[in-house]
Amino acid sequence: MDFADVFLLVVFGVPVYGLLIWSYFEPEESYLLSRRWMFEEEPQLSQEAISFQKKSSLVAIIVLTLFIIITVLK
């Protein structure tokens with residue numbers, strides 16, 4: 001892997017990591033980011049939905065990290 005590939009991986013990876021970390025710490029806000037227009041009133045998410053959002057963010061962070069490590073090592 002040359003420098004350009006690693007550079008592009010970092011440039012596109014950092015914003016994705018930022019969104020995933022934000023989604024982990026603020027699951028309600030991240031869930032409603034593009035869905036708020038669908039509701040007339042402020043919706044309340046259940047604990048199961050919040051838990052699912054946090055778990056899916058954590059899994060995505062782990063998968064993305066493994067993907068980057070494997071890509072850089074090849």
Side-chain angles (χ1 to χ4, degrees):
M1 220 175 168
D2 58 349
F3 177 74
D5 293 334
V6 174
F7 178 76
L8 287 175
L9 191 63
V10 169
V11 166
F12 290 115
V14 169
V16 173
Y17 267 115
L19 285 173
L20 289 172
I21 291 170
W22 175 67
S23 178
Y24 182 78
F25 287 113
E26 297 289 336
E28 292 180 40
E29 289 296 320
S30 67
Y31 179 78
L32 295 173
L33 180 65
S34 62
R35 296 178 181 100
R36 198 173 303 272
W37 63 271
M38 291 191 270
F39 307 103
E40 291 181 12
E41 298 176 8
E42 185 69 24
Q44 297 295 322
L45 294 178
S46 66
Q47 288 297 336
E48 291 85 15
I50 293 171
S51 175
F52 178 76
Q53 186 76 11
K54 289 181 90 165
K55 287 177 186 175
S56 61
S57 297
L58 189 60
V59 167
I61 290 171
I62 292 169
V63 168
L64 183 62
T65 303
L66 290 175
F67 174 75
I68 289 173
I69 289 173
I70 290 171
T71 303
V72 169
L73 291 179
K74 280 190 175 184

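Checked against salt bridge (charged side-chain N to carboxylate O under 4.0 Å, His left out), Glu42 has the following partners two or more places apart in sequence or in another chain: Arg36. Here Ser57 pairs with Ser23 under the side-chain hydrogen bond (donor to acceptor under 3.5 Å, both in side chains) rule; sequence neighbours left out.
Here the CG-CD1 distance, from Leu64 to Ile69, works out to 10.0 Å after rounding to the nearest 0.5 Å. Here the CG atom belonging to Leu66 is positioned 12.0 Å from the CD1 atom belonging to Ile61, to the nearest 0.5 angstrom.
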Side chains of residues 9-21: which donor-acceptor pairs under 3.5 Å do they make with residues two or more places apart or in other chains?
from: Tyr17; atom 1: OH; to: Thr65; atom 2: N; distance (Å): 3.3
from: Tyr17; atom 1: OH; to: Thr65; atom 2: OG1; distance (Å): 2.5

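Side-chain N or O atoms of Ser56 include one that pairs as donor or acceptor with a backbone N or O of Phe52 at under 3.5 Å.
By the 4.5 Å side-chain criterion applied to Ile, Leu, Val, Met, Phe, Trp and Tyr, Ile50 is assigned to a cluster that also includes Tyr31, Leu32, Trp37, Met38, Phe39, Leu45.
Residues Ile62 and Trp22 fall into different hydrophobic clusters, defined by Ile, Leu, Val, Met, Phe, Trp and Tyr side chains chained together at heavy-atom separations under 4.5 Å.
Residue pairs meeting the salt bridge (charged side-chain N to carboxylate O under 4.0 Å, His left out) criterion with at least one member in residues 5-28: none, sequence neighbours excluded. Screening residues 44-56 for salt bridge (charged side-chain N to carboxylate O under 4.0 Å, His left out), with sequence neighbours left out, gives no hits.
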